[in-house]
Structures are given as C-alpha cells and as structure tokens.
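What follows is one structure encoded as structure tokens, with my remarks underneath.
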Amino acid sequence: MQFMLLFSRQGKLRLQKWYVPLSDKEKKKITRELVQTVLARKPKMCSFLEWRDLKIVYKRYASLYFCCAIEDQDNELITLEIIHRYVELLDKYFGSVCELDIIFNFEKAYFILDEFLLGGEAQETSKKNVLKAIEQADLLQENFSSQSPHNCLSTP
Amino acid sequence: MPAPIRLRELIRTIRTARTQAEEREMIQKECAAIRSSFREEDNTYRCRNVAKLLYMHMLGYPAHFGQLECLKLIASQKFTDKRIGYLGAMLLLDERQDVHLLMTNCIKNDLNHSTQYVQGLALCTLGCMGSSEMCRDLAGEVEKLLKTSNSYLRKKAALCAVHVIRKVPELMEMFLPATKNLLSEKNHGEILHTSVVLLTEMCERSPDMLSHFRKLVPQLVRILKNLIMSGYSPEHDVSGISDPFLQVRILRLLRILGKGDDDSSEAMNDILAQVATNTETSKNVGNAILYETVLTIMDIKSESGLRVLAINILGRFLLNNDKNIRYVALTSLLKTVQTDHNAVQRHRSTIVDCLKDLDVSIKRRAMELSFALVNGNNIRGMMKELLYFLDSCDPDFKADCASGIFLAAEKYAPSKRWHIDTIMRVLTTAGSYVRDDSVPNLIQLITNSVEMHAYTVQRLYKALLDDISQQPLVQVASWCIGEYGDLLVSGQCEEEEPIQVNDLYVLDVLEGLLVSNLSTPVTRGYSLTAIMKLSTRFSSLNRIKKVVSIYGSSIDVELQQRAVEYNALFKKYDHMRPALLERMPIMEKTATNGPSETVQTNGETDSTILDTKHLPSISQPASQVGFLKHGFSIQTCAHFRHLNNIQPLNVIIPPMTAYNKNGLIIEFTFERSNPNPNIAVITIHATNSTEADMTEFVFQAAVPKTFQLQLLSPSSNVVPAFNQGSVTQVIRVLNPQKVRCYCEPRTHSASDLQCIQAINFYLSCVPGESNPQPCAS
C-alpha cells in the first residue's frame, strides 16, 4: 500500500497515512485530486479505479470514505478486507465508532492503524491481538502520566 | 502563563468556526501561543502542543516549526511523549530534509529499550518513513530484532526489514540468516504473515534469493493446507474463512516461486486445485482468495485442467452480482486472453453483456476484451454489439471504440459491402471522434474496393445531406464525390436503389461545405479539390471555374494556394487537366506515410499521370502537392514514382567516365532497376585505344557493408586494341539505406602495368538528387 486517506463527504481530511516519501506539496495535490475523483463517483460504481499508475480501492462507511492506493501486483479484493478490518478495530476500540470519534481522537486512530499496518502491510491478522496491544500501550501511557501531575492527554 | 488548552478543547473550538476566515484566525492565535510555549522549552506541555499542531496540520495549515519539538518528544522518557513524538515525526518530517537524520540516534536507543511498546514505536517509524541513510545505520538493529523470540517484535522487525530492503537493496543479504526459521512450526503461526511478506520481497528482488527459497514450497503448501482444513479459529477468522490475509500472501509467494519452474509448479498443483474448489464464494473474502488463486494458476506452469478451472472461476465471477468481482474478472481475463484464447472465448457472451454495465471501468474493460475476442467466426455478431455500444457509450470511449472497430473490420470483414457499411455506420454515429489517421486509411480502402465505388459514393452523399458537422465523414465523402461523382449522377448503383441526383445538386452540396461554419480548413481543402476534380466528370465547367477563382483570394492560405493553382490549370495547362484529374489507381499501403502508388499502374508507365490527390499523411493533415510551380517541379514524394515524362525517374545519373588512363577508358552508365528501384544497374564499358590488346581484363569492385553487389559475367576478358570493341559488364548494386557509397573498382591490366588503380567516385542513389560527383584520381 502506498497511502491511505480518510475523508468526509464534504472532502475534509480526517486521517492521512503515507508509506512513500513525498513532499508536503505533492501530498496536498494528490489528496485534493483523489478526493475530488472519489467523491464524484456514483454509488452504483465499483470500488476500484485506476488513477495515475496506481489502483485505488475505496469504501464508504457512513459519512467517511476510506481510500487506499495499492500497487499493480496487489490484490484489490483483499485490500477491501484490510479496510474492513481497520474499521472493525476502530469500532471495537471506540464502541460503535462514528466520524466524531475519529475527529476528536485522531491520534488514537493513528495508533490503532500503526498497530495493524506497518510500512503498508498488515503486521497482525488477529483482531484480538491488535486490540490487546493497543490496550497495553494505553495502560503504559496512563502509568506514565499518573506519575506526573500534569495530564497531557486524557485517555478515553 | 496559563496552561495551554487541551487538544479536545481546541478541536471543539475550531469546529465552531463558521467561516474559513474565522477558523484561520483561531488557528493563527493558537499557533502563536504554541510557538511561544516552544520557545520557553516547556517540557510538560510539549506533548499537548505538538498534538494540537498535528491537528492543525491535518486541516492544511503549516506546522514545520514543530519538527524539532517532535524530536525532543521522541527523546523524552515518557511513553506518552514518545507516542506523540513518533506520530509527529511520521506526519511532519520528510526524508528530503536533513532534520530527520537527528532521529536516528533516538530510534537506535529505542530499538533497544526495555519496553517492547517503545521498541514497537521505533520499528514502526523506521518501517514507515526511514530514509536510506537511516536504514543503513539501523539495519543491524533490525536484523537483531528479527531473531528475537518475542513475536510481537519479530513481526514488526520483519516488515521493517522489508522497508530497509526497499530503500537499500544491497542490505538484503544481511537478513538472509534470520529468515532460516521464519516459517517453522515453533512460531505458533503468529509471525507467519509478516514472514511471508518478507520472503516475498526478497524473492521479487533477487533471482538468487528466489532459487534459494524455492525449497520452501512444500512448507508453504503444508501451511496453506492446514489453514483450509483446520478447525474454526475465531481469532483469525473472517466470515468463516481462516486467516484470509495469510492465505492470499502465501498464494502470492507460491506464484513467484512457481513461475517458470516445473517442479515447484507441480508441487503446488494439488493445493491450488483444492483452494479453487473448496473456498466459499458467498462473500468478498472468499472471492479475494479465489482471485489470488486464479492469478497464481495463470502465472505458473500449471497443467491445462487447472488453467481451465481458473478461467471458469473468472467466468463465474463475471456473473456475480458484485460489480467489484466483475471488474476483477474482466481485468484478469484481459491478461489471459492472449495465452488462453479459446477458453476465454467460451465466456464471450457474458463479456459482451458487460458492455451494458453502468460502471465506467467495467465497460472499458469489457470493450477491450471484446476487441481481443473478435475473430473471423464471430465478426458479424460481435460487430453488431460493438456498434450498438459505440452509439450509446460515453464520449471518452468513442475514439478507442471507433479505432477498434476499424481494425477489426479490416482484419475480418466477411465482404466488401459489409466493410463499407460498417465504416459508414461508424462515421455517421461517431464521426467526430474517429482518429485523424482513419481518413486516409478509409480513402485507401474505398479506392481499392473498385466494385463498391458507386454504392459507397451514394451512401456518403446521402450521409452528407443529413449532417455535415462530422469532419472525418465530410472529408471522406468529399473525396469520394470528387472521385466518383460521375457514378453518382449516372445512377449506376447496383447494391441499392440508385438515387436521382444531377451535377448541380452535387456541386451545391460541395459548395455548401466550403462556406459552412462547421467545416474546418482541412475539410474546405477537400471540398475544393473535389469540385476541381468534377470539372472533368461533370459538364458544369463555368460554374466550377467561378468557384475556383473566388477562392483564389481566400484568407486561408492553403485554400488560396489551391485555388490559384487550379486556376492556372484552367488557364495555362488546360490540355493537361483531364489527365491530371483522372481516376486514382489502386494504392498499395506502405508502412510509413499511408497509401503510396505502385510503380506500375495499369501499364501506363509512359503516361503523364500526375495526380493531384491530397493524401494526408499521419503527420500532416493538409495536402503536400505543390505541383504547379513554374515548370512542374514535383515536390512531393516517393508517392508518384511512375511519373516519367515530367522528370524521368528511371535515369537519374547520367553516364560518366570513371577511368581514363594509359589508353584504357572505362565508362559507367546507370539505370534504375525495374521493379526494385533500390537497385542501381551499372554497365561498364571498357575500351582500349592502345596498340595492344589488353588481355585478362578483370573488373573487381568493393563496396561497404551497407551495400550488396552483384557482378554479372563480363562479355569478354580481352579489350581489343584501337577501340575496336569493348568489354561490357553489368554490376547490380543494392543500396537499401540510400546511403552515399564509395566504390572502389580495381582493374588489373595484363600488360606490363601491374598496377592497381584505385578509382574513387561517388554513387548517389537517392532519388531525385542530381549527378554524382566523380573524382578520378
């Protein structure tokens, strides 16, 4: 996977994960173009499209579009499953996740993503194990912050 | 100074902004606060401030002043700090800036941290955005972690290694020892997925690795088998299928290992068949596995039964309600249609149905596949569907579809009439979308279908009456009317009911094209020339003369030039006009510029046929013939090779004396060979003005490698004295490159002059060029 973008139906970016080195300007340009292209798609169309030399796999969950750019030799159908797995992880973590959860807790969405994918590939295929790791890391964070008088971040 | 506001507080505040300007103001205020906080080197709130900065960065605002702060967070001992610091690094830092290298040391320390979650953070960051320099410095640490027994770290290290290898391929070797036991049973399958990914990466990059890892095929087959056969494992289950992600990765690795290798392919045959037949297809996840299986079967050296199975799976995919599955099927079929053509043919009707799909990507693929499947047997049926598709498809498709139809029609047309009808249909439905090179191709096709001329011109004329907006159609129609207008008015059509039209109407139509705003300059050129040609086919001479003279002052330079030249044809060269405007002969297609004429045309090699037809080549849309410049110098091309009396092309080099010494004179006369104009035929005449006969006269010639030389037998070896006779010999030189040659004949005179005289001269074999320059030495 080269990158993953999450954006709302109004085109607002909620999460961006890049696995290839690009300048800020290029990232903005790609994001703008891709968001436009995907939002222009009609509901009856398939989840795949060719864009530049990449394959784009996207799926809409409620008000959020999950959009991945994969390479030629990658399997589009399994990418849909990867997206679905990530949504399931978010759902389990936040308890019936909605867009607001991701807006207000974007850093946690990133932490979960980084526990599931690394360098664009899945590092753990068991849902339970990913959630367990996140849980442990959150505990670690709390332990640290409970030692200091100033709470920098609140945990859910 | 009050504590900086919390992250969630800020998010809430920013979201209350009603306009972009209001939001910008809030952000600027907050950024200022953050900046001063950074300046004060506040350790306590740094984390909070960077988090806020990351939020604002996501909204699109600049955040580069936080880069160094991220580095400070990474260096902190607090886990919270590190978490946000590493996140910030991944979002804000960029390997093109040297700043990122400052991370290297921190990452190195954290890779050796006592807490695995800290190590995990470091591995994740390195594996996501590590630059080549960082990878080089830290590869050793990654390799160490790849060998640890902690599976949480081992799987991250594997993917991190993948990233390192991508950035610095030379380092691949150092990870080889660590891969030894990656797939072994002892690992409880926890690191299998990432191990397979790492192995895949190594095999893709290095043929040596590939051969080395081929021995893993049986192990991979075993693991896959266990996945399919084993009981329910809720942890890794997706809709009843065990760990589909791992299955797909294994299938992909098997594909790479089995490609081009008989033994490996055989070893995986059974398991592939098993996966292909046993996988549940009701959900996307099952189909994902089947898809990967099909790709693998098609790529390795599988037996034919397996291949047919694969194509049938794709055929079933085509019938699936899920359009994603249909899309994937069409893409895969497109890849295999060349190699497994017959198998794919069986699914032709389903593929053709996909032309009617609503999804643009599916339609495009179905169209490409349909064209690949057209053959002599199904051409009529397929063409019906494709023409229907052309009618209703999006404009984006029309150009490609039209070109495809032309190509297919040319290859498989069952009859000339069908071919012309098909072309007419394309021109009338998608006439403005056909490619520029279609027009000359069509003209050539029509010219060569001699028996269809009357039918064609009639249909084109009728099409013009309906619609003159589609330029390619109009251009082809004008050209035809110009050529075959006589057939049109004489009502000679056999194929269908001949229409009643007289020359005045036809001229009306053509003149209409000239004045219409819809006509492009190229089209106007076609019309004017067509009108001119009709001057020899119709009797309305005065009218045509009038039209031509009007355009002599046209603003369009091209049109003006033509009109002026045609005028000149009327005034000064009227005797040549009939011959010049005669019917075009059958054309042969050349590879480069479209139609060009053959050397012999109906046996009229002596005639003065110069055709004023404008045959646009692919590069130039307008005409190129500027023939009527004072004295008929022909500027175009190689098109008109049989033009004899205007400038004899057969003889382009006058005879020359190549050698004149010591009484021996050798003369060369040149001719161009018929039928191959690339061969120059040189006849040498040797005469001897001395008192003694020259015996044992041998003429030899040496040429560079670009030439081929054929020396025919000389008439005699003896050159008689006192010019009483001559020795003649024919040399044929083939100069396919049309390169200047340098020829060096050697003559041995049997008299006491045992000298070898080298004669230098140039042979120019480029048509139309003037004399060679001999320089005897």
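Throughout, protein chains are lettered first and strands after them, A, B, ... in sequence-line order, and every chain is numbered starting at 1.
For B:Leu87, the part lying near chain A is the side chain, with the backbone staying farther off; criterion is any non-hydrogen pair under 4.5 Å. Only the side chain of B:Thr115 comes within contact range of chain A, judged by heavy atoms closer than 4.5 Å. Neither the backbone nor the side chain of A:Leu131 comes within less than 4.5 Å of any heavy atom of chain B. Only the side chain of B:Glu95 comes within contact range of chain A, with heavy atoms under 4.5 Å apart. With a threshold of 4.5 angstrom between heavy atoms, B:Arg365 approaches chain A through side-chain atoms but not through N, CA, C or O. For chain A, the nearby parts of B:Tyr55 are the backbone and the side chain; heavy atoms of each come within less than 4.5 Å. For chain A, the nearby part of B:Val197 is the side chain; its heavy atoms alone come within less than 4.5 Å. At a 4.5 Å heavy-atom cutoff, the contact between A:Lys12 and chain B is made by side-chain atoms alone. For B:Asn324, the parts lying under 4.5 angstrom from a heavy atom of chain A are both the backbone and the side chain. Contacts between A:Glu88 and chain B at a heavy-atom distance below 4.5 Å are absent for every atom of the residue. For a residue to count as touching a neighbouring chain, one of its non-hydrogen atoms must lie under 4.5 Å from one of that chain's; by this rule A:Arg85 touches chain B with the side chain only.
No side-chain heavy atom of A:Phe104 sits less than 4.5 Å from a side-chain heavy atom of B:Leu7. Counting only heavy atoms from C-beta outward, the side chains of B:Arg83 and A:Lys108 never approach each other to under 4.5 Å. No side-chain heavy atom of B:Asp94 sits under 4.5 Å from any side-chain heavy atom of A:Trp18. Between A:Pro21 and B:Lys167 the shortest side-chain heavy-atom distance falls below 4.5 Å. A:Phe106 is listed as a side-chain neighbour of B:Leu54, based on a closest heavy-atom distance under 4.5 Å. Side-chain contact between A:Asn105 and B:Arg8 is present, with at least one heavy-atom pair separated by less than 4.5 Å. At least one side-chain heavy atom of B:Arg252 sits less than 4.5 Å from a side-chain heavy atom of A:Asp74. A:Leu118 has its side chain out of reach of B:His163: every pair of non-hydrogen atoms, C-beta onward, lies at least 4.5 Å apart.
Taken from CD in A:Gln123 to SG in B:Cys160, the straight-line distance is 10.5 Å, to the nearest 0.5 Å. From B:Gln97, atom CD reaches atom OG of A:Ser23 across 9.5 Å, with rounding to the nearest 0.5 Å. Annotation: the span from A:Ile78 atom CD1 to B:Asn284 atom CG amounts to 7.5 Å, rounded to 0.5 Å. In this structure, A:Asp114 CG and B:Met90 CE are separated by 4.0 Å, a value rounded to the nearest 0.5 Å. Between atom NZ of residue B:Lys82 and atom CD of residue A:Gln141 there is a gap of 13.5 Å, rounded to the nearest 0.5 Å. Considering OH of A:Tyr110 and SG of B:Cys124, their distance stands at 12.5 Å, rounded to 0.5 Å.
Side-chain atoms of B:His193 come within 3.5 Å of backbone atoms of A:Ala122 as a donor-acceptor pair (strictly under, hydrogens ignored).
Side-chain atoms of A:Glu76 and B:Tyr291 include a donor-acceptor pair closer than 3.5 Å.
Atom CZ of A:Arg9 has 12 or fewer neighbouring heavy atoms from other residues, nucleotides or ligands inside a 6.0 Å radius. Enclosure of atom NZ in A:Lys27 by more than 12 non-hydrogen atoms of other residues, nucleotides or ligands within 6.0 angstrom is indicated. In A:Lys128, the NZ atom is not crowded: 12 or fewer heavy atoms of neighbouring residues, nucleotides or ligands sit closer than 6.0 Å. Atom NZ of A:Lys132 sits in a sparse spot, with 12 or fewer heavy atoms from other residues, nucleotides or ligands closer than 6.0 Å.
Comment: A:Glu142 does not engage B:Lys78 in a salt bridge, judged by the lack of any side-chain N to carboxylate O separation of less than 4.0 angstrom. Remark: B:Lys283 does not engage A:Glu81 in a salt bridge, criterion side-chain N to carboxylate O under 4.0 Å.
With respect to chain B, the highest number of heavy-atom pairs below 4.5 Å among A:His84, A:Lys127, A:Arg14, A:Arg41 belongs to A:Arg14. The greatest number of non-hydrogen atom pairs below 4.5 Å with chain A, out of B:His57, B:Arg166, B:Arg46, B:Gln116, is found for B:His57. Highest contact tally toward chain A, considering only B:Val238, B:Leu121, B:Leu91, is held by B:Leu91 [criterion: heavy-atom pairs under 4.5 Å]. Most heavy-atom pairs under 4.5 Å with chain B, from the set A:Lys44, A:Glu121, A:Lys17: that is A:Glu121. When B:Arg255, B:Met58, B:Met129 are compared by the number of non-hydrogen pairs under 4.5 Å with chain A, B:Met58 comes out ahead.
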- [ ] Apply salt bridge (charged side-chain N to carboxylate O under 4.0 Å, His left out) to the pair B:Lys156 and A:Glu115, showing each step before the final yes or no.
- [x] CA-CA 9 Å; B:Lys156 289 184 195 272; A:Glu115 206 54 53; 2.9 Å; yes

Open item on the list: Run B:Val360 and A:Lys42 through side chain to side chain contact (heavy atoms under 4.5 Å, CB included) and show every step you take.
Closed with: CA-CA 10 Å; B:Val360 154; A:Lys42 302 194 195 61; over 6 Å; no

Task: Verdict with supporting geometry, A:Leu77 and B:Ile325, side chain to side chain contact (heavy atoms under 4.5 Å, CB included) - done: CA-CA 8 Å; A:Leu77 297 178; B:Ile325 310 280; 4.1 Å; yes

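Taking all atoms of both residues into account, the shortest heavy-atom contact from A:Ala137 to B:Tyr117 is CB-CD2, 4.3 Å.
For a heavy-atom cut-off of 4.5 Å, chain B lies close to A:Ser47, A:Phe48, A:Glu50 in residues 47-56 of chain A.
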